[in-house]
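See below for the structure under consideration.
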Amino acid sequence: MVRPGNCRRRMRQSFDAQTDALKAAGITRIFAEKISTRAKVKPELDRMLTLSVLVFQR
């Protein structure tokens with residue numbers, strides 16, 4: 001079963017710590033994006049939520 005998760009970083013950060021934590025939690029599909037916290041549109045978050053709906057409707 002797919003277990004989706006999302007991580008986000010700012011300009012000088014790395015995804016490593018977040019992805020390691022998600023993998024340790026059993027997340028199998030990670031959606032990552034470099035985007036401002038103030039951004040209204042977060043495409044990878046939207047993709048993760050869409051996948052989550054599809055996975056949990058089964």
Side-chain angles (χ1 to χ4, degrees):
M1 180 165 146
V2 175
R3 294 188 67 201
N6 180 266
C7 63
R8 179 178 35 83
R9 75 176 181 102
R10 287 183 247 154
M11 294 299 281
R12 295 186 187 113
Q13 292 178 325
S14 170
F15 286 119
D16 296 341
Q18 292 180 58
T19 55
D20 290 346
L22 289 169
K23 288 176 184 177
I27 301 301
T28 58
R29 175 64 170 97
I30 298 173
F31 295 84
E33 61 192 337
K34 181 178 81 171
I35 196 164
S36 168
T37 57
R38 293 184 227 169
K40 301 282 188 225
V41 177
K42 297 177 180 155
E44 290 299 308
L45 177 61
D46 291 340
R47 287 185 187 109
M48 186 211 61
L49 294 172
T50 300
L51 177 61
S52 296
V53 168
L54 295 174
V55 167
F56 293 110
Q57 281 182 345
R58 294 180 182 181

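All heavy atoms count here, side chains included; hydrogens, waters and symmetry mates do not. The structure displayed is predicted, hence computed values, not measured ones.
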Flag the pair I30 / F15 as yes when at least one side-chain heavy-atom distance between them is below 4.5 Å, and no otherwise.
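No, too far: nothing below the 4.5 Å cut-off.
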Can you find a heavy atom in the side chain of N6 that is under 4.5 Å from one in the side chain of E33?
yes
[X] side, atom [atom1]; [Y] side, atom [atom2] - distance, nearest 0.5 Å:
X	Y	atom1	atom2	result
Q18	R9	CD	CZ	10.0 Å
R29	M48	CZ	CE	11.0 Å
I27	R3	CD1	CZ	5.0 Å
T28	L22	OG1	CG	10.5 Å

So which heavy atom on T19 is nearest to which on D16, and how close?
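Scanning both residues, the minimum pair turns out to be OG1-O, 3.1 Å.
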If Ile, Leu, Val, Met, Phe, Trp and Tyr residues are connected whenever their side-chain heavy atoms lie under 4.5 Å apart, and connections chain through other members, are V41 and L45 in the same group?
no
